[in-house]
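By convention in this document, chain letters (A, B, ...) are assigned in the order of the sequence lines, proteins followed by strands, and residues within each chain are numbered from 1.
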Amino acid sequence: MPELPEVEVTRTRVAPHLEGARVAAVRMGLPLRWPLGVAPQALTGRRVVAVRRRGKYLLFELDQGLLLLHLGMSGSLRWLTVPEPAGRHDHFDLVTDRGTLRLHDPRRFGAVVYADRQDDPMAQRLLGGLGVEPLEDAFEPQQFHAALRGRRAPIKTVLMAGDVVVGVGNIYANESLFLARIRPTTPAMRLSRARVARLHGAVREVLQRALAVGGSTLRDFSADGHMGCFQLETWVYDRAGQPCRVCGTPIRCIRQGQRSTYFCPRCQAR
DNA sequence: CATAAGCCCTGCCCGC
DNA sequence: TGCGGGCAGGGCTTAT
């Protein structure tokens, strides 16, 4: 699914349409991960003030209240200028006076949640535990190293947990660790300052590059029809058994917490 | 049947 | 020893 770059690309795409638009109606399809938290018709008449992002959450700031939208594993957003009947997997429409924002999400791991106030319990629950934004200045090697102190879990697990740094999903976690030449199984707390600095740079580079390319193309994500043009060439992700692009050693695949981890046993030596 | 891009929740475990 | 935080695992759903 959308990791940070894909969510940010989505934000960039829909923000110009939505900012300043007035909500005319809200249509809900099948239940998403959590209930909206408000009667849909209560949102009509509200104006979208800004579209921001926190981690993998899109935040639609209304003149009163806030909509949190998460794409889950298979969600994608489209902007409709001409009305179109909702398909089987279209589970949320934000109809505005300028057009319709439509969430397409076959797996329904996504969510749209309304929060009345900043300190809304649900908003707090979802956003409160999030780590630093990796592309902002606040993401800095010293603090990164400090945050990893006391984490005995494998570095890849900690990267993906999102409470230290946000936005790094399975693909970019694998890619970042390869670039940093760090074995994904290494306990986070055992990484030297120098290696943490390398990982810090690698995370930024990988996300930045994916962002520049318009988000990597993932099956479900490309359902929107416009993202299908670019496929980020991966160093290790989904390349089990294929030769490492640097040294030729076959890429290995292991399981870490129900997720696939890919690495080069030579480039990412212990 | 296994696997897939995410993430919250639960209950257990470990270390201060 | 007790408490709190960290961590592993489960589960949600549909498509391939």
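- OP1 or OP2 of B:dA4 sits under 4.0 Å from a side-chain N or O of A:Ser260.
- Using P as the reference atom, C:dT1 and B:dG11 are 25 Å apart when rounded to the nearest Å.
- Computed from coordinates, the A:Arg149 CZ to C:dG5 P distance equals 18 Å when rounded to whole Å.
- The distance between atom CG of A:Leu4 and atom P of B:dC7, rounded to the nearest whole Å, is 10 Å.
- A:Leu71 places its CG atom 11 Å from the P atom of B:dG6, with the value rounded to the nearest Å.
- Residue A:Thr261 holds its OG1 atom at 8.0 Å from CE of A:Met160, rounded to the nearest 0.5 Å.
- As rounded to whole Å, 16 Å separates atom C1' of B:dG6 from atom CG of A:Leu68.
- Computed from coordinates, the A:Met160 CE to B:dA4 C1' distance equals 12 Å when rounded to whole Å.
- Going from atom CG of A:Leu127 over to atom P of B:dC7 covers 12 Å, rounded to whole Å.
- In terms of the side chain to side chain contact (heavy atoms under 4.5 Å, CB included) criterion, residue partners of A:Val48 (sequence neighbours excluded) are, by chain and number, A:Leu18, A:Val51, A:Leu62.
- With 3.5 Å as the limit, one finds a donor-acceptor pair spanning the side chains of A:Ser260 and A:Arg255.
- Listed by first and then second residue, the salt bridge (Lys or Arg N to Asp or Glu O under 4.0 Å) pairs that reach into residues 59-75 of chain A are A:Arg52-A:Glu61, sequence neighbours excluded.
- Separating the CE atom of A:Met122 from the C1' atom of B:dC7 is a distance of 11 Å, rounded to the nearest angstrom.
- Considering only residues two or more places apart in sequence or on other chains, A:Asp137 meets the salt bridge (Lys or Arg N to Asp or Glu O under 4.0 Å) condition with none of them.
- Side chain to side chain, A:Ser74 and A:Asp105 meet the donor-acceptor criterion of an N or O pair below 3.5 Å.
- Side-chain atoms of A:Arg47 and A:Gln64 include no donor-acceptor pair closer than 3.5 Å.
- At whole-Å resolution of the value, CH2 in A:Trp34 and P in B:dC8 are 5 Å apart.
- Using a 4.0 Å cut-off, some side-chain N or O of A:Tyr57 falls inside it from OP1 or OP2 of B:dC8.
- Side chain of A:Gln242 to main chain of A:Pro250: no donor-acceptor pair is present (N/O by atom type, distance under 3.5 Å, no hydrogens or angles).
- For the pair A:Cys253 and A:Ala161, both in contact range of DNA chain B, the more 5′-proximal nearest nucleotide belongs to A:Cys253.
- Stems are defined here as 3 or more consecutive Watson-Crick or G-U wobble pairs with pairing distances under 3.5 Å; those involving DNA chain B are B:2-4 with C:14-16, B:6-16 with C:2-12.
- With sequence neighbours left out, the side chain to side chain contact (heavy atoms under 4.5 Å, CB included) criterion links A:Ala86 to A:Arg27, A:Asp90, A:Arg102.
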Restricting both atoms to N or O, compile the protein contacts to nucleotides 7-14 of chain C shorter than 3.5 Å, with distance only.
unit_1, atom_1, unit_2, atom_2, d
C:dC7, OP1, A:Arg152, N, 2.5
C:dC7, OP1, A:Ala153, N, 2.8
C:dC7, OP2, A:Arg151, NE, 2.7
C:dC7, OP2, A:Arg151, NH2, 3.3
C:dG10, OP2, A:Gln258, NE2, 3.4
C:dT13, O4', A:Arg107, O, 3.3
C:dT13, O3', A:Arg108, NH2, 3.2
C:dT14, OP1, A:Arg108, NH2, 2.8

